[in-house]
Number of protein chains: 2
Amino acid sequence: MNDAPTRTPAQAAPTRREQILSEAARLFAERGFHGVGVDEIGAAVGISGPGLYRHFAGKDAMLAELLVGISERLFAGGRRRVIEATSAGGGPAAVLGSLIDGHIDFALDDRALITLHDRELGQLRDSDRKQVRSLQRQYVELWVDVVRRLHPDPYEAEVRAAVHAVFGLLNSTPHLGRPGALPGREATAALLRRLAHGAFAALSDGGPRPEA
Amino acid sequence: MNDAPTRTPAQAAPTRREQILSEAARLFAERGFHGVGVDEIGAAVGISGPGLYRHFAGKDAMLAELLVGISERLFAGGRRRVIEATSAGGGPAAVLGSLIDGHIDFALDDRALITLHDRELGQLRDSDRKQVRSLQRQYVELWVDVVRRLHPDPYEAEVRAAVHAVFGLLNSTPHLGRPGALPGREATAALLRRLAHGAFAALSDGGPRPEA
DNA sequence: CAGCGGCGTTAGTGGTCGTTAACCTGAAGG
DNA sequence: CCTTCAGGTTAACGACCACTAACGCCGCTG
């Protein structure tokens, strides 16, 4: 049951807070925010129930920190990739490729967070929810900008919808059998990469007619 | 607040049960199964709280009927389309196109159910969950079979993952701004259709290398 | 060694929520 | 007109649950 943390010697032991956040994320993703009790979260890290309140103001605060954290990391990572790929002389295609790769890494490494990200937004306090939404919007904007440079023809609304749709595609990893069922992590990543590029490619050309 | 039911004269008035299911689906999708109280569901149909128990054995029963119903309709509709498109002399491409069109119709017309479908599976009683999963599996199988005829090269596991990914793409409609933000329903459908076909097209060819 | 602060513990409390009980009403039917 | 029954009502109960209170242990640090 207790699979070893498998930590590379370089990185420090996770703090209690981090343990709690990690287990809470897993449990929330499995059974929903309201479906998990504080006693369960405590038990998952070896302490019991109210001991959590030494580290967090409440259950809501855990969820808030998780969702704000995801959104920040997604946006920051995306912005970094745009800057790096651009300053490396890459065109829009290279930038988009880097965004896709980054999102795939995230989707494969943090499945639980991906699940929470759009499942439990409604449970946040207004201020937190606004912050998360703002970060999400900025992240989407990164994508929309680069996709529009690559495919200038479609309306912006179409591009925005396409970006959301590709997010849905990439975020489908939690629905693939537990270990992935695919040969390995890299195979899954490669497949998702191809599918995402294929979807965006269909933005410019008329797209195959269904009765082809 | 009370937008008229807008019923075409042909179809009969919805029964109380159907009203309840419809409102429950909307509320569950908005705030999660555990986030909605029976009193709210009752209020949404103009009766109050425990009056629901004249129509359903409990809150769980409503969710179960919703999820089983969706799964059945999805699978039945998919099977019908496969049969019809096949007997009309269509090749795998036409059959896949019909499956995609059907799924898009569903995703656009029943957003709330799409949301519930993979969000609240865990809240079901074991027997119900097994039934839903079985129907889902059969539905996926319809897609895998036809996609494999169209793209014989990839491993079956890859095809299965691709199908799940395209589901994620098509089911992204709930994340597009409330009214759709797109020009209209048909425009959204056309866009999703193109993206889905584009993704599947990338299954066979090597797919664009990221550093293209 | 005093004491103090970080980190747990267990017991209790208030509130919410699903569900049941008991009762009411109005329309259909003999 | 009396009965029946579908479909409501309000009141109450019991379980659960997030959170607080009160207390204990231990490793610092001066």
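Any value given below was found using the heavy atoms of this structure, including those in side chains, with hydrogens, waters and symmetry copies removed. Every chain is numbered from 1, with letters handed out A, B, ... down the list of sequences.
- Residues passing the side chain to side chain contact (heavy atoms under 4.5 Å, CB included) test with A/Arg54: none are found, sequence neighbours excluded.
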Mind listing the side-chain donor-acceptor pairs of residues 163-171 of chain A below 3.5 Å, one per line with the distance, residues two or more places apart or on another chain?
residue  : atom : partner  : partner atom : Å
A/Asn171 : OD1  : A/His103 : NE2          : 2.9
A/Asn171 : ND2  : A/Phe167 : O            : 3.4

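- Remark: nothing in residues 123-131 of chain A comes within less than 4.0 Å of DNA chain C through any heavy atom.
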Which pairs, protein N/O on one side and nucleotides 23-28 of chain D N/O on the other, fall under 3.5 Å?
none

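- At least one side-chain nitrogen or oxygen of B/Arg16 sits closer than 4.0 Å to the OP1 or OP2 atom of D/dG8.
- Remark: B/His117 engages B/Ile70, B/Ser71, B/Leu74, B/Gln136 in a side chain to side chain contact (heavy atoms under 4.5 Å, CB included) (not counting sequence neighbours).
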Close N/O contacts between protein and nucleotides 16-19 of chain D (under 3.5 Å):
residue : atom : partner : partner atom : Å
D/dA18  : OP1  : A/Val36 : O            : 3.3
D/dA18  : OP1  : A/Lys59 : NZ           : 2.8
D/dA18  : OP2  : A/Val38 : N            : 2.9
D/dC19  : OP2  : A/Tyr53 : OH           : 2.5
D/dC19  : OP2  : A/Lys59 : N            : 2.9
D/dC19  : O5'  : A/Tyr53 : OH           : 3.2

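- Few gaps surround CZ on B/Arg185; more than 12 heavy atoms of other groups in view lie less than 6.0 Å from it.
- Listed by first and then second residue, the salt bridge (charged side-chain N to carboxylate O under 4.0 Å, His left out) pairs involving residues 154-165 of chain B are B/Glu141-B/Arg160, B/Arg148-B/Glu156, B/Glu156-B/Arg160 (not counting sequence neighbours).
- Taking the 5' to 3' direction, DNA chain C first and last meets chain A under 4.0 angstrom from a heavy atom at C/dC7 to C/dA11.
- In this structure B/Ala85 satisfies the side chain to side chain contact (heavy atoms under 4.5 Å, CB included) test together with B/Val95, B/Ser98, sequence neighbours excluded.
- Side chain of B/Arg16 to main chain of B/Val45: a donor-acceptor pair is present (N/O by atom type, distance under 3.5 Å, no hydrogens or angles).
- Take B/Arg73 and apply the side chain to side chain contact (heavy atoms under 4.5 Å, CB included) test, not counting sequence neighbours, and it matches B/Phe106, B/Asp110, B/Leu113.
- Applying the ring pair (Phe, Tyr, Trp, His ring centres under 6.0 Å) rule to pairs touching residues 21-50 of chain A yields A/Phe28-A/Phe33, sequence neighbours excluded.
- The closest side-chain heavy-atom distance from B/Gln131 to B/Ser134 is not below 4.5 Å.
- Under the side-chain hydrogen bond (donor to acceptor under 3.5 Å, both in side chains) criterion, no residue pair touches residues 41-53 of chain A, with sequence neighbours excluded.
- Side chains of B/Thr15 and B/Arg17: no donor on one and acceptor on the other come within 3.5 Å.
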